[in-house]
Amino acid sequence: MEQLQQQIVEHHLLAAAQKVEDQLDNEMHQLQKLEEDDMESLRQQRLQQMKRAALKKKEWLSKGHGEYNEIGSEKEFFAEMKGEERMICHFYRENWPCKVMDKHMQILAKQHVETKFIKIHAEKSPFLTERLKVFMLPTLACVKKEKTVDYVVGFDELGGSDDFSTHTLAGRLSLHGLITYDGTEDYGGANPNQQKPKGIQRSVRHGGERAAASDDEDSDFE
């Protein structure tokens, strides 16, 4: 009798253990299926992001991004600026400092297709130089959504000499979001010491003429 009762108890224990094991197996299966579904969802999201990025890049290239072009008139400046989220315009003349800036701008234009890069001869654009108070060359006017938000004037904020690196200029331009830059870009040379450019915290133009515009200020071109 006792042996029979023991067998019954053992049977119930084995059944209970089997039930627990089955439940654990089922939960493990559900977790595995959930992980697979999540991975597929993430993969689909990533594919959609890549498609959107490819379409955006195609749109930018169709609008002249990826190149560093000279414009011949102030009228062209406004046409180039219209509808652009980010644009950098180099006001130049035929001198050595402006040629140095040209070299770096050409490199950045090819790498940062998210931004339009152009140049205009300062002496042939009196309205713009007066409106933007361009008083030293080279000057980079940084425009976001048709408003000037920043200026790079001369080389003071780039180390004070003409041997600054493209990385130094890229870091300076990224301060107001004119380009997307994280320091790992390949510009054909090493990123010297991974430091921020001189004057990184300054938001006032060289000489203190005026502060960089905020996004909610009126456009300089109105």
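Of all the heavy atoms in Gly72 and Glu76, the pair that sits closest is N-OE2, 3.1 Å. When every heavy atom of Leu108 is checked against every heavy atom of Ala170, the shortest pair comes out as CD2-CB, 3.9 Å. The two atoms that bring Gly64 and Asn69 nearest to each other are O-ND2, 4.3 Å, heavy atoms only. In plain terms, the two heavy atoms of Pro126 and Glu74 that are nearest each other are N-OE2, 3.2 Å.
Counted within 6.0 Å of NZ on Lys63, heavy atoms from surrounding residues, nucleotides or ligands total more than 12; the atom is thus considered enclosed. Under a cut-off of 6.0 angstrom, the local environment of CD in Glu130 is sparse, with at most 12 non-hydrogen atoms contributed by other residues, nucleotides or ligands.
In the hydrophobic clustering of this structure, Val113 does not group with Leu173; members are Ile, Leu, Val, Met, Phe, Trp, Tyr whose side-chain heavy atoms approach within less than 4.5 Å, directly or through other members. Note: the hydrophobic cluster containing Tyr92 does not contain Tyr68 (ILVMFWY, side chain heavy atoms under 4.5 Å, direct or indirect links). Under the 4.5 Å side-chain heavy-atom criterion for grouping Ile, Leu, Val, Met, Phe, Trp and Tyr, Tyr181 is connected to Phe164 within one hydrophobic cluster. With hydrophobic clusters built from ILVMFWY side chains whose heavy atoms lie under 4.5 angstrom apart, Met81 does not share a cluster with Trp60. Cluster membership for Leu132 and Met136, using ILVMFWY side-chain heavy atoms within less than 4.5 angstrom, is shared.
Note that the CD atom of Glu146 and the CE atom of Met87 stand 9.0 Å from one another [nearest 0.5 Å]. One finds the CG atom of Leu140 at 6.0 Å from the CG atom of Leu169 (value rounded to the nearest 0.5 Å). Summarising the geometry, atom NZ belonging to Lys51 is positioned 12.5 Å from atom CD belonging to Gln49; distances are rounded to the nearest 0.5 Å. The NE2 atom of His65 sits 9.5 Å away from atom CZ of Phe117, with the distance rounded to the nearest 0.5 Å. Taking CZ of Phe77 as the reference point, atom OG of Ser125 lies at 9.0 Å (rounded to 0.5 Å). Atom CD of residue Gln111 and atom CD of residue Glu185 lie 7.0 Å apart, to the nearest 0.5 angstrom.
Annotation: side chain of Thr168 is not in contact with side chain of His104 (no heavy-atom distance under 4.5 Å). Between Phe155 and Glu157, every side-chain heavy-atom pair lies at or beyond the 4.5 Å cut-off. Side-chain atoms of Lys103 and Lys99, non-hydrogen and from C-beta on, never get closer than 4.5 Å to each other. At least one side-chain heavy atom of Leu61 sits under 4.5 Å from a side-chain heavy atom of Lys57. Glu84 is not listed as a side-chain neighbour of Ile118, based on a closest heavy-atom distance of 4.5 Å or more.
No side-chain donor-acceptor contact under 3.5 Å links Arg93 to the backbone of Glu123. Looking at Glu114, its side chain never comes within 3.5 Å of a backbone N or O of Ile179 through a donor-acceptor pair. Put simply, the side chain of Lys119 never gets that close to the backbone of Met105: no donor and acceptor are under 3.5 Å apart. A donor-acceptor distance shorter than 3.5 angstrom exists from the side chain of Thr115 to the backbone of Leu178, with no hydrogens or angles considered.
A salt bridge is absent between Glu85 and Lys116; no separation between the charged side-chain nitrogens and carboxylate oxygens falls under 4.0 Å.
Taking the six-membered ring where tryptophan is involved, the planes of His112 and Tyr187 are tilted, since the angle between them lies from 30° to 60°. Relative orientation of the Phe78 and Phe127 rings is tilted, given thresholds of 30° and 60° on the angle between their planes.
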